[in-house]
Amino acid sequence: MKFNSKKTKLIILFLLYFINFSFFQKKELDSRIVGKWTNIFAKDVHGEIIKDDFYKKGYVDTFLKNGQLLIDPNFLRDDLKRNGIKEPLDYSLIPTFSWRTFNDQILEISGSGETQQIRYGFLGDTLLLGYSNGNTRYLIKRK
């Protein structure tokens, strides 16, 4: 089978693009994300600060150079309480999370068999994470 016609080549490229978009994405670990980040606040789709149970708690997410993500255990403990679980947090059961970036604009976080892709960007020393529901989370780099 020959692929000499431009139409055939375009169809093949079109199919490859839709079969696996990530095939074309540049996967990496954006070094600007590496470090400790303190959660400042989150805004909803209307730009209003979300004042929920996690507001002003100062949880810290740590993005390691090797692609591992460490979630603040205090966040996990508070999340359990919010969901009515009163037993102490068993630190040995905290799942392992990993992270990577695509094309300096998408942050992918994987853990517990699930993967989430989040748009990200920077405003000075602040990391902005934009979620698909319209919420934006603001984190400041710790020194």
Side-chain angles (χ1 to χ4, degrees), residues 1 3 6-143:
M1 179 177 211
F3 299 110
K6 287 184 182 180
K7 185 176 179 181
T8 304
K9 289 178 184 178
L10 284 173
I11 290 172
I12 291 172
L13 286 175
F14 183 77
L15 289 173
L16 284 174
Y17 178 79
F18 282 102
I19 290 172
N20 189 0
F21 180 72
S22 65
F23 175 77
F24 295 102
Q25 292 179 326
K26 181 181 174 189
K27 298 175 186 176
E28 58 190 28
L29 296 176
D30 187 336
S31 63
R32 299 175 297 170
I33 294 178
V34 173
K36 292 179 183 253
W37 295 89
T38 302
N39 287 282
I40 306 172
F41 55 83
K43 289 186 178 180
D44 65 17
V45 69
H46 305 292
E48 299 292 324
I49 292 178
I50 301 170
K51 294 182 180 178
D52 59 9
D53 296 339
F54 305 115
Y55 179 63
K56 289 192 173 184
K57 294 280 185 149
Y59 301 117
V60 177
D61 293 337
T62 305
F63 292 84
L64 301 176
K65 286 189 265 187
N66 66 1
Q68 188 176 11
L69 170 60
L70 305 176
I71 304 293
D72 191 329
N74 292 320
F75 166 79
L76 298 171
R77 185 196 66 224
D78 291 348
D79 192 39
L80 289 174
K81 284 181 187 176
R82 184 177 72 138
N83 288 300
I85 300 171
K86 297 183 182 189
E87 292 87 28
L89 176 63
D90 182 352
Y91 291 90
S92 67
L93 297 178
I94 295 175
T96 302
F97 294 95
S98 62
W99 69 278
R100 62 184 174 173
T101 58
F102 299 94
N103 301 326
D104 292 332
Q105 62 182 345
I106 302 293
L107 171 64
E108 181 178 271
I109 297 175
S110 300
S112 299
E114 294 185 23
T115 299
Q116 180 180 27
Q117 290 191 346
I118 308 159
R119 293 187 83 59
Y120 76 94
F122 297 91
L123 182 61
D125 61 356
T126 304
L127 173 62
L128 307 174
L129 300 177
Y131 294 84
S132 60
N133 65 358
N135 290 355
T136 304
R137 202 169 100 197
Y138 295 74
L139 301 98
I140 192 163
K141 184 94 174 210
R142 293 185 63 175
K143 309 258 183 221

State the [atom1]-[atom2] distance between [X] and [Y], to the nearest 0.5 angstrom.
X      : Y      : atom1 : atom2 : value
Lys51  : Lys56  : NZ    : NZ    : 7.0 Å
Thr136 : Tyr120 : OG1   : OH    : 16.0 Å
Asn135 : His46  : CG    : NE2   : 9.5 Å
Thr96  : Gln68  : OG1   : CD    : 6.0 Å
Glu87  : Asp90  : CD    : CG    : 11.0 Å
Ile109 : Thr115 : CD1   : OG1   : 10.0 Å

Under the side-chain contact (heavy atoms from CB on, under 4.5 Å) rule, collect the residues that match up with Thr62, sequence neighbours excluded.
->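 Listed in chain order: Lys36, Val60, Leu64, Leu70.
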
Residue list, side-chain contact (heavy atoms from CB on, under 4.5 Å) with Arg119, at least two apart or on another chain |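 For Arg119 the side-chain contact (heavy atoms from CB on, under 4.5 Å) partners, ignoring immediate neighbours, are Gln105, Ile106.
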
Minimum side-chain heavy-atom gap [X]-[Y] below 4.5 Å:
X      : Y      : result
Phe102 : Glu108 : yes
Thr126 : Leu139 : no
Glu28  : Asp104 : yes
Phe41  : Ile50  : no

Taking all heavy atoms of [X] and all of [Y], pick out the closest pair and write down the distance.
X      : Y      : value
Leu107 : Trp99  : CD1-CE3, 3.8 Å
Arg32  : Lys141 : O-NZ, 3.6 Å
Leu29  : Arg100 : CD2-CA, 3.6 Å
Pro73  : Ile94  : CB-CD1, 4.3 Å

Using atom types as modelled and distance alone, determine if a side-chain donor or acceptor of Asn83 lies under 3.5 Å from a backbone N or O of Asp79.
->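 The answer is yes, because a donor-acceptor pair under 3.5 Å joins these two groups.
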
Checking Thr101 side chain against Asp30 main chain: does a donor-acceptor pair fall under 3.5 Å?
->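 Judged by distance alone, yes, a pair lies under 3.5 Å.
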
Residue pair Asn39 / Tyr138, side-chain donor-acceptor N/O under 3.5 Å |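 Note: Asn39 and Tyr138 side chains miss the donor-acceptor criterion.
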
Where do Lys57 and Phe75 land on the side chain to side chain contact (heavy atoms under 4.5 Å, CB included) test, with the steps shown first?
-> CA-CA 8 Å; Lys57 294 280 185 149; Phe75 166 79; over 6 Å; no

Which residues pass the salt bridge (Lys or Arg N to Asp or Glu O under 4.0 Å) test with [X], not counting sequence neighbours?
X     : value
Asp72 : none
Asp44 : none
Arg77 : none

Pairing of Asp61 and Arg142 as salt bridge, 4.0 angstrom limit |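 Answer for the salt bridge query: no.
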
Go through the structure and list residues passing side-chain hydrogen bond (donor to acceptor under 3.5 Å, both in side chains) with Ser132, not counting sequence neighbours.
->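 In terms of side-chain hydrogen bond (donor to acceptor under 3.5 Å, both in side chains), with neighbours along the sequence ignored, Ser132 is linked to no residue.
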
Whether Trp37 and Phe122 hold their rings parallel, tilted or perpendicular, with breakpoints at 30° and 60° =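 The rings of Trp37 and Phe122 sit tilted, inter-plane angle from 30° to 60°.
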
